[in-house]
Amino acid sequence: MLDSIIKLIIGDLEEKRAYKQLMKRVNSLPEDYRYAFRKIQHYMFSVGPTGGDMTVFTDLTMFTDLVELLEASAAEGKRVLDVTGSDVGMFSDEFMRASVTHHETPREKLNQEIKEKFNKNGEW
């Protein structure tokens with residue numbers, strides 16, 4: 001009971017830790033990549049994903065994927081605009097759209113976990 005009250009008041013501490021770890025990774029990017037990430041992140045939070053599925057923002061998968069892309073591109077010596085193209089808004093929209101279509105909904109996750117459990121036991 002106390003855990004749920006604390007979670008309600010201050011949020012999920014594990015999610016906050018994960019976000020802080022992600023932002024440490026962002027801070028280790030070259031300056032132009034950091035700037036681009038923060039602008040893209042702000043844009044994504046402002047416009048939201050297409051289809052209105054805000055659950056994509058409740059886990060950090062989309063932003064983790066973005067950081068991984070930027071880290072790899074920086075390691076290859078690419079410029080930011082070589083990665084995003086000149087229309088960064090369109091890049092952001094497409095990135096969100098791809099994340100939403102590859103994002104597992106809570107219903108899908110539940111069904112998959114139940115299916116895997118019963119398939120292991122041969123009961124499905």
Side-chain angles (χ1 to χ4, degrees):
M1 175 77 172
L2 183 59
D3 288 342
S4 60
I5 293 172
I6 291 172
K7 191 172 182 178
L8 179 66
I9 294 172
I10 61 173
D12 186 355
L13 293 177
E14 197 58 41
E15 286 178 10
K16 289 182 181 191
R17 284 187 196 107
Y19 182 77
K20 285 182 181 182
Q21 287 297 103
L22 181 68
M23 294 314 292
K24 283 182 184 179
R25 290 174 65 186
V26 170
N27 289 334
S28 68
L29 289 169
E31 183 180 349
D32 53 342
Y33 279 89
R34 278 194 313 265
Y35 179 81
F37 176 86
R38 289 189 177 111
K39 288 295 188 178
I40 291 169
Q41 182 185 38
H42 183 265
Y43 174 81
M44 289 177 171
F45 279 133
S46 297
V47 301
T50 55
D53 183 6
M54 294 304 284
T55 59
V56 74
F57 289 132
T58 59
D59 71 17
L60 297 175
T61 305
M62 180 175 62
F63 294 116
T64 302
D65 291 346
L66 180 58
V67 169
E68 288 173 359
L69 173 65
L70 295 177
E71 286 172 336
S73 299
E76 293 174 8
K78 293 181 179 178
R79 296 176 331 145
V80 175
L81 291 179
D82 292 339
V83 178
T84 64
S86 60
D87 190 344
V88 182
M90 185 176 72
F91 167 83
S92 302
D93 291 341
E94 291 298 320
F95 201 88
M96 281 189 290
R97 189 173 297 113
S99 293
V100 169
T101 58
H102 291 84
H103 181 74
E104 187 176 45
T105 66
R107 175 184 285 176
E108 292 168 337
K109 184 177 180 181
L110 171 67
N111 289 338
Q112 185 62 33
E113 288 173 355
I114 297 293
K115 185 177 179 180
E116 287 172 4
K117 168 72 173 162
F118 290 115
N119 275 341
K120 286 181 185 174
N121 296 336
E123 300 173 20
W124 190 262

Spacing of Lys24 atom NZ and Leu29 atom CG [to the nearest 0.5 Å]: 15.0 Å

Which atom of Tyr43 lies closest to which atom of Asp93, heavy atoms considered: OH-OD1, 2.8 Å

Pair listing, side-chain hydrogen bond (donor to acceptor under 3.5 Å, both in side chains) test, anchored in residues 26-35, at least two apart: Asn27-Arg38

Intermediate values then yes/no, side chain to side chain contact (heavy atoms under 4.5 Å, CB included), Met96 and Val47: CA-CA 10 Å; Met96 281 189 290; Val47 301; 3.6 Å; yes

Test item: Val88 and Val80 side chains (from C-beta on) under 4.5 Å apart, heavy atoms: no

Side-chain heavy-atom pair Val67, Glu71 within 4.5 angstrom cut-off: yes

Met23 side chain reached by Phe37 side chain, heavy atoms, under 4.5 Å: yes

Minimum side-chain heavy-atom gap Val26-Leu70 below 4.5 Å: no

Candidate pair Arg25 and Phe63, rule side chain to side chain contact (heavy atoms under 4.5 Å, CB included), full reasoning: CA-CA 11 Å; Arg25 290 174 65 186; Phe63 294 116; over 6 Å; no

CG-OG distance between Leu66 and Ser92, expressed to the nearest 0.5 angstrom: 8.0 Å

Joint cluster assignment, Met90 & Met62, ILVMFWY side-chain distance < 4.5 Å: no

Heavy-atom check, side chain of Glu15 versus side chain of Leu60, under 4.5 Å: no

Non-hydrogen side-chain atoms of Phe95 and Ile40 separated by less than 4.5 Å: no

Lys115 NZ to Asn111 CG distance, which is reported to the nearest 0.5 Å: 9.0 Å

Pairwise side-chain contact, Lys117 with Ile114, heavy-atom cut-off 4.5 Å (strictly under): no

